Amino acid sequence: MSFRIFIEQPVSERITTITLGQMLDNNNAESVVQTIVNAQERGCKFIIIDCEKLTFLSSAGVGAIIGTLEASRDQGGDIVLCNVSETICHVLSVLDLLSFLTVKGSVQEAIAACKLK
Amino acid sequence: MIASKTLRGADTAHQQERKLLLLEALCNLADQFAKDPDLPRLIDSVVLTVAGQFTATSAMIVVRSNNLDRMNCIHSAIGKFRDISIKTNFLSPASDFSTHLTHSRPCVLNDLQWSESDDATLLEWREMGARVFVPLVVNGSIIGVMLMGPRVGNLQYSEEALGLLQDFIATITPLIANSFLYADMAALSARHLQILDSVRQAVFVFDSRDVLLMVNRAAIDLTDMISAGDSSELEVGMGIEKVFPDKVYPGWTEHIRKCRLNHSNRRPKTVIAKGPAGERVFSASVSSGEGLFSSGEGTILTLDDKTEETDNERRMFELEKFAEQGMMASSISHELNNHLGMLLGGVELAQIAQVKGLQAKVISTLGKLRENISQMQRFTAGLMDFARVNSQKQANQINDIVSDVVSFAVAQKRFSAVKLNASLTPLLPVMELDKDQIAQVLINILNNAADAILETGRMDGMVVVSTVHAKGEVVLAVSDNGGGMTPEVKEKLFRTNLTTKPKGHGYGLATCAKILEHHNAKISIESKVGFGTTFEFRFPISQ
C-alpha cells in the first residue's frame with residue numbers, strides 16, 4: 001500500500017505541495033480530494049502536485065485533480081502538476097487535458113510560478 | 001462488459017486509446033465493487049472516475065435508496081456540485097426522477113427538448129450548472145441520476161462522448177443496484193445474527209456436508225466454557241467433528257447425523273459434555289432447516305443448558321430425602337419410646353410380682369416383655385431394610401417393596417387411628433425398580449393419605465394399598481377416604497412448593513413425580529372433596 005501514500009507539505013499560507021506515491025487511483029483518489037479541499041478551505045490558493053514517483057494515474061485520479069481545479073482557479077489560484085513522467089503525460093494528452101492543466105518541470109519551478117501570480 | 005456500437009467501427013488511434021482508458025477505468029471500478037461493500041464510498045469512486053474520464057469539472061450522482069430503513073439518498077459530488085450536495089436535501093429530486101425521465105439516454109440540458117421545460121427539478125439542475133444528466137436505469141426503473149457539470153476548457157459534450165458516457169453508466173448502474181442488494185442482505189444477515197445472539201440457547205447451523213455455517217453468541221460462550229480455553233476457537237467452515245470432538249462431546253455428532261437422517265427422531269434429547277471445566281448437561285434439539293440451504297438440507301442444533309436445573313433437581317431430591325429422614329427419626333423415636341415405656345413398666349411389674357412371690361405373674365409379664373422385644377426387632381428390621389442405600393434400578397418384586405413399607409408405616413403414630421390394608425395380587429412380574437425410590441414414593445403417598453383422613457377427624461379412616469396386573473402394566477394404587485382434593489389442588493399436585501400442610505415443604509410430591517418419571521410410570525388421580533382420593537401409578541412391564 002505504501003505506493004499509494006501521499007504527503008502534503010505546506011510551503012506558505014498560499015502554497016502547499018502534495019507529493020504523490022506511485023499510484024493515484026480509486027483507492028486513494030478520495031483522500032487526495034479531501035486533502036486538496038482541506039487546503040483550499042484554509043485559504044491555500046496554489047496546490048502543487050509532485051508527480052515524480054507517479055507511474056499510474058487512473059480516471060479516478062484525474063477526477064481528483066480536475067474536480068478540485070475549478071475551486072482553486074475561482075479563488076485566483078491553481079493546481080500545478082510537476083515532475084510529470086512521459087507515461088502520465090500521455091494519459092493526460094489522450095484526455096485532452098495537457099492544454100488545460102498547468103504543468104511545470106520541477107517543484108521549484110512550480111513554486112516560483114505560483115509566487116509570481 | 002461494455003458492448004456498444006461506440007466501441008466498434010473505424011476509430012482513430014486517439015479514439016481507441018480513449019476507449020482503452022475507459023475500459024480500464026470500468027475494470028478498476030468493477031474490481032472495487034467486488035471487493036468493497038461500502039456503497040457510499042463506491043459511489044464516490046464512480047463520480048471521480050466519470051469526471052476524470054469525461055473531463056467534467058463537476059459531477060454528482062444521486063441514488064435513491066430502495067431500502068425503507070434508509071429513506072434518504074446516497075449522493076456524492078465533486079467540483080462546484082460538492083457544496084450544493086452538502087446543502088441540498090436530495091430526497092425530493094430523487095423521488096421525482098421517474099416523472100422527468102422517459103428514456104435512458106444521457107440528456108443535454110441545453111437541448112431544445114429540455115431547455116424549454118419549466119419543470120422545477122430540471123430548472124434546479126440547470127441553475128446548479130449541470131450540462132448533462134444521465135439516468136441510472138436498471139430493468140426499466142430509474143434508481144438515480146448522474147449530473148455532469150461543464151467540461152474543462154468549456155469543451156462540448158460531443159455525441160461520441162455522450163455515447164461513451166451512456167455505455168459507462170449503463171455498465172456501472174447494475175453494480176450500484178447490486179450493491180444495494182448486498183448491503184440489504186448484509187443488514188438482514190446482521191439482524192438475524194442479532195436475534196440469534198439474543199437467544200439464551202446455543203445455536204449451531206451446519207450445511208448438508210456438516211460444515212459449520214453459523215453460530216450465535218451463546219454457542220461461542222458455551223464452547224469456551226466447556227473447553228476452558230483448552231481447544232481451538234469456533235470458526236465458520238469447521239467440520240462437525242472438529243466442532244464437537246467425541247472426547248469432549250461423546251456421541252454428539254452421531255446423534256445429530258442420526259436426527260438429520262431420521263426425520264421422526266427430532267425430540268429434544270439430553271446430551272452431556274465432558275470438558276476440562278467439568279461436566280455439563282444439555283437438552284439438544286435438531287431440526288433440518290429446510291429451505292434455508294441451497295445445497296440440500298442442513299442442520300440446526302439448539303442446545304439448552306440444563307446443568308443448573310439438573311443440579312437443583314438433585315438437591316431437591318436430597319432435601320426431600322433429608323426431610324423424610326427427619327420425619328422418620330421423629331416417628332422412630334416415638335415408636336421406640338412407646339416400646340421402652342412398655343418394657344420399663346413390664347420389668348417393674350415383674351419385680352413387684354417377684355417380691356410378692358407371684359411366680360405365675362412374673363412368667364406372664366416376661367412373656368409380654370418378650371413379645372414387645374420381638375415387635376421392636378420386627379420394627380428395626382423393617383427400618384433397616386427401608387434405610388438401605390440403593391440408588392440403582394434392579395430386578396424387584398413390587399409387592400415386596402409394598403409389604404416392607406406397609407409394615408413400617410403401620411408402626412407410625414399417624415396410622416394408630418387409621419386402618420391400613422394391603423391388597424396385593426400375587427405372582428406379579430419382576431420389574432426393574434429402584435427399591436428405595438419406590439419406597440420413598442409409597443411412604444409419602446401413605447403419609448399424605450393418613451394425614452388427609454386425620455384432618456377430617458373421622459374414626460373410620462382407611463387407607464388401602466393394592467397392586468394389580470393389567471394390560472402390560474402393573475398398577476400400584478393407594479386409596480383413602482379422607483377429605484379429597486379440589487380440582488385446583490389436584491392440578492398443581494406434583495409441582496414444587498405446593499403444600500396444604502402447616503409444616504410441609506412442598507417438595508414431597510414433586511420428588512415423587514420425578515422418581516416415577518425415571519421409572520416411566522404414568523400417574524393418575526381420582527379425587528372428590530369429602531369422599532377421598534385414589535392415586536394410581538402404572539409401571540410398564542417392558543421397561
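Keep in mind that this is a model prediction, so the values were computed, not measured.
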Open item on the list: Tell me the closest heavy-atom pair linking Ala60(A) and Ser45(B), and the distance in Å.
Closed with: CB-O, 4.5 Å
Open item on the list: Need one label for Glu24(B): side chain, backbone, both or neither, based on atoms under 4.5 Å from any heavy atom in chain A.
Closed with: side chain
Task: Structural part of Ala71(A) lying under 4.5 Å from a heavy atom of chain B - done: neither
Task: CA sep, side-chain torsions, deciding dist, call: Ile78(B), Thr68(A), side-chain contact (heavy atoms from CB on, under 4.5 Å) - done: CA-CA 7 Å; Ile78(B) 56 162; Thr68(A) 49; over 6 Å; no
- [ ] Kindly check if the number of other-residue, nucleotide or ligand heavy atoms within 6.0 Å of CD (Gln156(B)) is above 12?
- [x] no
Task: chain B contact via Ser99(A) - which portion, at a heavy-atom distance below 4.5 Å - done: neither
TODO: Kindly compute the distance separating CG (Asn28(B)) from OG (Ser59(A)), expressed to the nearest 0.5 Å.
DONE: 8.0 Å
Task: From Asn27(A) atom CG to Arg41(B) atom CZ, the distance as rounded to the nearest 0.5 Å - done: 7.0 Å
TODO: Check whether Val94(A) gets within reach of chain B through its side chain, its backbone, both or neither, counting any heavy atom under 4.5 Å.
DONE: both
TODO: Could you look at Glu17(B) and say if it's the side chain, the backbone, both or neither that has a heavy atom under 4.5 Å from chain A?
DONE: both
Task: Any donor-acceptor N or O pair under 3.5 Å, side chains Thr49(B), Asn26(A) - done: yes
Task: Structural part of Ala56(B) lying under 4.5 Å from a heavy atom of chain A - done: backbone
Task: Val37(A) and Arg82(B), any side-chain heavy atoms less than 4.5 Å apart - done: yes
Open item on the list: Under 4.5 Å from any heavy atom of chain B, what part of Asp74(A) do you find: side chain, backbone, both or neither?
Closed with: side chain
Task: Under 4.5 Å from a heavy atom of chain B, the part of Glu30(A) involved - done: both
Open item on the list: Please classify the contact of Leu97(A) with chain B as side chain, backbone, both or neither, using a heavy-atom distance under 4.5 Å.
Closed with: side chain
Open item on the list: Please report the interatomic distance CG(Asn154(B)) to CZ(Phe100(A)), rounded to the nearest 0.5 Å.
Closed with: 8.0 Å
Task: Side chain, backbone, both or neither of Leu42(B) within contact of chain A (heavy atoms, under 4.5 Å) - done: neither
Task: Check against side-chain contact (heavy atoms from CB on, under 4.5 Å), Leu95(A) and Leu21(B) - done: CA-CA 9 Å; Leu95(A) 292 171; Leu21(B) 274 182; 4.1 Å; yes
Open item on the list: Below 4.5 Å, heavy-atom pairs only: which of Thr57(B), Val50(B), Val46(B) has the largest tally toward chain A?
Closed with: Thr57(B)
TODO: Identify the residue among Val33(A), Val62(A), Ile66(A), Ile65(A) that makes a side chain to side chain contact (heavy atoms under 4.5 Å, CB included) with Leu48(B).
DONE: Val33(A)
